[in-house]
Amino acid sequence: MLDIQLLRTHLDHIARLLATRGYAFPMAEFGALEAERKNLQTYTQELQARRNAASRQIGNAKSKGEDATGILAEVANLGDELRQAEAQLQDTQAALQHILLQIPNLPHSSVPEGKNESDNKEVRRWGTPREFHFSVKDHVSIGEALGLLDLPTATKLSGARFSLMTGSLARLHRALGQFMLDTHTHQHGYTETYVPYLVNAESLRGTGQLPKFKDDLFEIPRKKTAVVETLSRNEDPHGAPGGPKCEYEDDDLYLIPTSEVPLANVVRDRIVALESLPIKLTAHTPCFRSEAGSYGRDTRGLIRQHQFEKVELVQIVHPQQSYKALEELTGHAETILQKLDLPYRVMALCTADMGFAATKTYDIEVWLPEQNTYREISSCSNCEAFQARRMQARFRNEKGKPELLHTLNGSGLAVGRTLVAILENFQNADGSVSIPCVLQDYMGGLDRLEASQL
RNA sequence: GGAGAGAUGGCCGAGUGGUCGAAGGCGCUCCCCUGCUAAGGGAGUAUAGGCUCAAAAAGCUUAUCGAGGGUUCGAAUCCCUCUCUCUCCGCCA
């Protein structure tokens with residue numbers, strides 16, 4: 001969420017910045033609502049002040065045993081007027097809030113301006129893609145030939161975009177998560193965290209998934225509130241004036257699309273001490289995404305799944321440190337690829353390609369030989385105060401005053417896609433797959449995946 | 001799932017309709033006193049808004065005692081709903 005003060009004072013400038021992201025700011029609507037809000041708020045507060053003054057007088061008079069009927073008569077009509085004004089103000093503010101919650105973050109000045117992902121800028125490249133002297137297979141063919149990957153059975157169990165792995169491949173998958181977690185906790189100073197995989201709407205609003213990206217989530221309805229939910233949806237599809245005040249009165253839970261949600265929301269509604277910064281958290285969790293709207297994309301294999309695992313890095317930092325922290329955090333994710341000896345490149349996303357909450361994002365793309373291209377395996381973002389403002393996540397600054405924190409997150413890394421990269425980059429002519437050195441300890445000394453391994 | 005008890009500022013805790021944003025204590029900050037330490041004295045110490053203002057400062061003002069609604073001229077206090085915590089019972093990994 002953007003600072004509404006900023007919108008009031010520098011509307012044109014902000015609208016121009018947002019346009020570089022492909023977001024058309026609703027100037028007219030915002031202007032009208034803001035004017036209405038100002039009038040209503042002034043008027044409402046005036047009435048409230050009058051009421052308070054009168055009530056004080058009445059209390060005063062009564063405590064002295066004096067007659068208060070005169071003052072009572074004066075405020076007799078205030079009630080209805082006030083109630084109406086309060087209701088109108090509340091509606092207007094809800095409408096403003098609704099707009100505010102839909103506005104993406106402002107791009108940082110260092111972010112390249114662009115129209116789509118082809119305008120992303122390569123920042124650096126690490127490693128050299130291996131030369132193969134046989135025709136390379138993709139990870140599905142490799143896994144299936146080894147008898148360790150069974151996608152048809154996963155489809156039988158759950159449907160498309162789910163996977164079933166067995167034996168040493170399942171173990172390798174587990175090993176990857178362990179290895180990443182160990183690296184980040186032992187070498188990069190993150191605190192390992194176990195988090196809920198189901199979160200409430202408030203948390204998702206805090207990190208920015210709600211209200212705008214509800215379709216991307218798996219929602220778990222609760223019978224208890226089903227009726228209430230239906231009602232509020234019918235009456236209030238867009239949080240428009242006249243509807244209920246709160247957009248999330250339901251207490252449904254949602255499967256986390258990333259552990260960024262629970263990790264960042266740790267500081268929601270909190271004022272943390274200056275000395276506790278930076279807070280660096282990591283968690284290895286499943287992630288669930290409905291992938292609505294991605295039909296036909298990456299349908300083969302493990303690249304795009306409804307359920308996948310990720311080791312997430314979250315940093316909660318002092319505002320002055322956040323861009324330094326972004327570089328560090330990106331480096332932490334890169335370390336994993338370096339240790340695994342997987343070639344990658346780092347891309348600075350352009351204005352149009354960044355996520356909703358980010359001011360600046362680096363994507364890390366790993367080399368996939370069969371696709372003959374680099375594919376996203378991590379995304380590291382600084383959100384500045386965008387999430388913190390939604391979450392009311394603050395720290396007590398040097399002057400002792402509460403101030404919004406900056407939040408950062410990044411995948412370190414997506415486990416499934418790392419597994420894909422290993423299968424493809426470390427495949428051998430005989431169909432076996434070599435296991436990167438750093439993972440062999442986690443695999444009980446095993447140095448390659450071979451057919452019919454249990 | 002059933003029964004009961006609770007939720008007040010950074011913390012503890014008082015407050016059952018009237019000038020209460022909230023006594024008292026602890027903690028913290030500043031000042032005074034004291035050779036050091038300890039003890040003592042004084043002052044201060046929530047957050048988010050709005051308006052005035054070029055801005056800052058300042059002033060005025062509103063809201064907030066778990067959340068939402070209601071009663072009332074007036075609610076921390078009364079009523080309703082919900083959430084969470086604790087105790088007991090049941091069930092369960």
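Reckoned from all heavy atoms, side chains included, excluding hydrogens, waters and symmetry mates.
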Tell me the partner of B:C65, counting only Watson-Crick (N1-N3 plus N6-O4 or O6-N4) or G-U wobble (N1-O2 and O6-N3) with both under 3.5 Å; none if nothing fits.
-> none

Between A:Asp269 (CG) and B:G10 (P), how many Å, whole number?
-> 13 Å

Ignoring hydrogens and angles, answer whether the base of B:G49 and the side-chain atoms of A:Gln45 contain a donor-acceptor pair closer than 3.5 Å.
-> yes

Determine the contact category for A:Arg394: base if any of its heavy atoms lies under 4.0 Å from a base atom, sugar-phosphate if only primed atoms, P, OP1 or OP2 are that close, otherwise nothing.
-> sugar-phosphate

At under 4.0 Å between heavy atoms, what does A:Ala49 touch on the DNA or RNA strands: base, sugar-phosphate, or nothing?
-> sugar-phosphate

With respect to the phosphate group of B:A48, does any side-chain polar atom (N or O) of A:Arg389 fall under 4.0 Å of OP1 or OP2?
-> no

Distance, P atom - from B:G18 to B:A75, rounded to whole angstrom | 11 Å

Separation of A:Gln48 atom CD from B:C51 atom P, in whole Å?
-> 15 Å

In whole Å, what separates the C1' atom of B:U47 from that of B:G42?
-> 27 Å

Between A:Arg270 and B:U47, is there a side-chain N or O to OP1/OP2 distance below 4.0 Å?
-> no

When you compare B:G9 with B:A76, how far apart are their P atoms, in angstrom units rounded to a whole number?
-> 14 Å

In whole angstrom, what separates A:Leu89's CG from B:U64's C1'?
-> 15 Å

On a whole-Å scale, what distance lies between the C1' atoms belonging to B:G1 and B:G15?
-> 36 Å

Under 4.0 angstrom, heavy atoms only, what part of the nucleic acid is A:Arg396 near: base, sugar-phosphate, or nothing?
-> sugar-phosphate

Report yes if at least one side-chain N or O of A:Lys38 is closer than 4.0 Å to OP1 or OP2 of B:G50; otherwise report no.
-> no

Using a 4.0 Å heavy-atom cut-off across all strands, classify A:Gln5 as base, sugar-phosphate, or nothing.
-> sugar-phosphate

Does the side chain of A:Asn52 get closer than 4.0 angstrom to OP1 or OP2 of B:G18 through an N or O atom?
-> no

